[in-house]
There are 2 protein chains.
Amino acid sequence: MHALVTSLSLRDEIDLEEAALLDGLSFRRRQLRKGEELVAQHSRPTESCVVLSGVTAREVLLDDGKRQITALHIPGDFVDLHAFLLKVMDHSVVALTDCEAAYVPHRDLLRVMERSPHLGRLLWLSTVVDGAIQRAWITSAGRRSATAHFGHLICELYLRLEAVGLASEGRFEFPVPQNELADALGFSLVHVNRTLQDLRATGLVSWKGSAVSILDFDGLARMSQFDPTYLNLIRMPR
Amino acid sequence: MHALVTSLSLRDEIDLEEAALLDGLSFRRRQLRKGEELVAQHSRPTESCVVLSGVTAREVLLDDGKRQITALHIPGDFVDLHAFLLKVMDHSVVALTDCEAAYVPHRDLLRVMERSPHLGRLLWLSTVVDGAIQRAWITSAGRRSATAHFGHLICELYLRLEAVGLASEGRFEFPVPQNELADALGFSLVHVNRTLQDLRATGLVSWKGSAVSILDFDGLARMSQFDPTYLNLIRMPR
DNA sequence: CGTACGGTTGACCCTAGTCAACTATAGTGG
DNA sequence: CCACTATAGTTGACTAGGGTCAACCGTACG
């Protein structure tokens with residue numbers, strides 16, 4: 001599980017011994033096609049899942065057929081560490097693109113945490129950062145204009161993808177249709193389309209197919225009231 | 001810190017030795033008047049804060065003066081355990097009513113976690129449950145009608161308050177003005193008022209001043225698509 | 001060349017925001 | 001006891017943002 005070393009070391013130094021512990025974790029690898037479930041709602045996972053490639057989403061399906069995506073996950077993200085403590089999944093995790101995922105047994109995670117309380121804290125941290133992102137989403141949904149909401153998400157995705165080497169110079173690939181963006185933003189499909197046009201019109205963003213390009217990050221961040229603090233992409237002792 | 005024993009034992013058995021560890025935690029007690037800050041944005045706390053009485057809120061202030069409340073906290077809740085890992089607060093925590101709070105030094109928490117990995121997991125769990133609640137809020141904001149959104153919040157508050165003995169028989173005290181509810185729900189003040197009138201008209205809820213009464217919990221839960229699973233108010237080995 | 005999927009547009013309507021006034025209630029000081 | 005004030009709640013009128021429906025376009029792929 002070397003992906004975990006990379007991902008956890010985004011936020012704190014990992015020493016050789018710790019890296020060896022993570023590298024030695026046993027896991028099972030799985031390929032998923034777009035639309036497949038990585039983790040099912042109401043299941044009681046005994047392993048937790050790390051995204052290796054592709055984009056995945058946490059989704060809640062309501063009785064009336066509506067869907068809300070509550071988080072987007074990119075390579076390196078631990079997608080259901082919660083289940084380790086919550087035991088029962090209150091939502092499902094699905095692949096928005098073809099994906100590769102690694103499943104690590106909970107008992108192995110437990111062993112790592114016993115041997116290294118520091119790694120335990122870093123795992124904890126990754127769930128806490130998820131929470132911080134969710135707070136930003138709540139704020140966007142409640143109090144930001146549609147363009148600011150969308151722009152905020154683009155800033156967030158860019159920094160997260162850049163941190164794992166999947167974005168640079170303002171550009172990244174994001175092969176997720178407007179349909180799914182709508183469920184992440186809480187918009188209708190039509191409104192996503194129109195808001196995106198507004199964003200293009202500002203000259204801050206270009207988005208063609210799956211090629212996203214931020215033409216003026218500072219400008220986009222300003223108009224979206226985006227402050228990257230919450231992502232905690234800073235290496236410091238934790 | 002006996003409040004912690006009560007609160008952590010909502011979700012798992014706590015044995016005598018663990019209870020003694022928690023009871024022995026040193027802390028400083030503080031009284032707060034309505035409107036005062038428990039934890040300031042951008043601060044780097046060296047202690048984490050447990051609510052002993054009153055209602056508190058996590059709030060984000062935007063540049064344009066708008067405010068979003070991203071979480072409500074009630075007695076027993078650990079309000080900024082995150083800061084233990086995030087280091088820098090990306091939001092503030094304020095008292096919505098007069099409050100009492102206990103501040104526990106991080107180094108003492110660390111010691112407890114070293115002596116009892118199980119308690120460490122339960123502390124972790126409390127942040128993970130916060131995350132689950134935030135996901136429910138995102139879903140409400142994005143995909144539920146105004147009445148369902150509000151109703152969902154009422155169900156959530158009731159179960160959380162009931163779990164700590166502050167609600168029973170469908171009734172609880174919630175001395176939080178519509179103004180603040182608006183910032184929690186992402187509504188305008190006027191819309192809170194009108195949505196509350198709609199809720200009253202359904203006959204499911206009565207809300208007079210600070211006296212909230214759920215007249216038909218199942219009915220309210222049904223119309224709000226409320227499923228209590230996410231609150232994890234079940235005692236099981238974690 | 002047809003089909004499927006994703007993106008785009010227009011027309012219409014409803015939900016919810018804004019502004020502004022007004023009421024109710026509790027607390028305060030004369 | 002009665003004004004006076006501050007806070008909370010309520011109402012009406014108007015408007016803007018965003019949802020819904022339905023059609024249409026563009027492009028990749030078999």
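A, B, ... follow the sequence lines: proteins, then strands. Residue 1 opens every chain.
Listed nucleotides: D:dG18, C:dG7, C:dG17. Nearest to the side chain of A:Q178: C:dG7. Taking only side-chain atoms of A:Q197, from C-beta outward, the nucleotide of D:dG19, C:dG17, C:dT8 with the closest atom is C:dT8. Distance from the side chain of A:V190 is smallest to D:dC21 among C:dG17, D:dC21, D:dT11.
The interatomic distance linking B:D198 (CG) with D:dT11 (P) rounds to 11 Å, in whole Å. One atom, CD of A:E180, and another, P of C:dC5, lie 13 Å apart when rounded to the nearest Å. Between the CG atom of A:N179 and the P atom of C:dA4 there is a distance of 17 Å, rounded to whole Å. The distance between atom CG of A:D183 and atom P of C:dG6, rounded to the nearest whole Å, is 13 Å. Atom CG in B:L185 sits roughly 18 Å away from atom P in C:dT15 (whole-Å rounding). Between A:L189 atom CG and D:dA23 atom P there is a gap of 16 Å when expressed in whole angstrom units. Here the C1' atom of nucleotide C:dG17 and the NE2 atom of B:H191 are 9 Å apart, to the nearest Å. If you take NZ of B:K208 and P of C:dA24, they are 16 Å apart, rounded to a whole angstrom.
Remark: A:R200 is in phosphate contact with C:dT8, judged by side-chain N or O atoms under 4.0 Å from OP1 or OP2. Between D:dG9 and B:N193, no contact under 4.0 Å exists linking OP1 or OP2 to a side-chain N or O. The side chain of A:R143 contributes no N or O atom lying less than 4.0 Å from OP1 or OP2 of C:dG17. Of the side-chain N and O atoms in A:K34, none sit less than 4.0 angstrom from OP1 or OP2 of C:dC5.
Closest-nucleotide positions on DNA chain D for B:R194 and B:V176 were compared, and the one nearer the 5' end corresponds to B:V176. The residue among A:W207 and B:V192 whose nearest nucleotide of DNA chain C is located toward the 5' end is A:W207.
Outside the 6.0 Å centre-distance limit, the rings of B:H91 and A:Y230 are not counted as a close aromatic pair. Outside the 6.0 Å centre-distance limit, the rings of A:H73 and A:F78 are not counted as a close aromatic pair.
Each of B:E47, B:R29, B:R30 was evaluated against B:Y103; a single residue qualifies, B:R30, per the side-chain hydrogen bond (donor to acceptor under 3.5 Å, both in side chains) test.
When all heavy atoms of A:A182 and B:R143 are compared, the pair lying nearest together is O-NH2, 3.1 Å.
Heavy-atom contacts from other residues, nucleotides or ligands closer than 6.0 Å to CZ of B:R222 number 12 or fewer.
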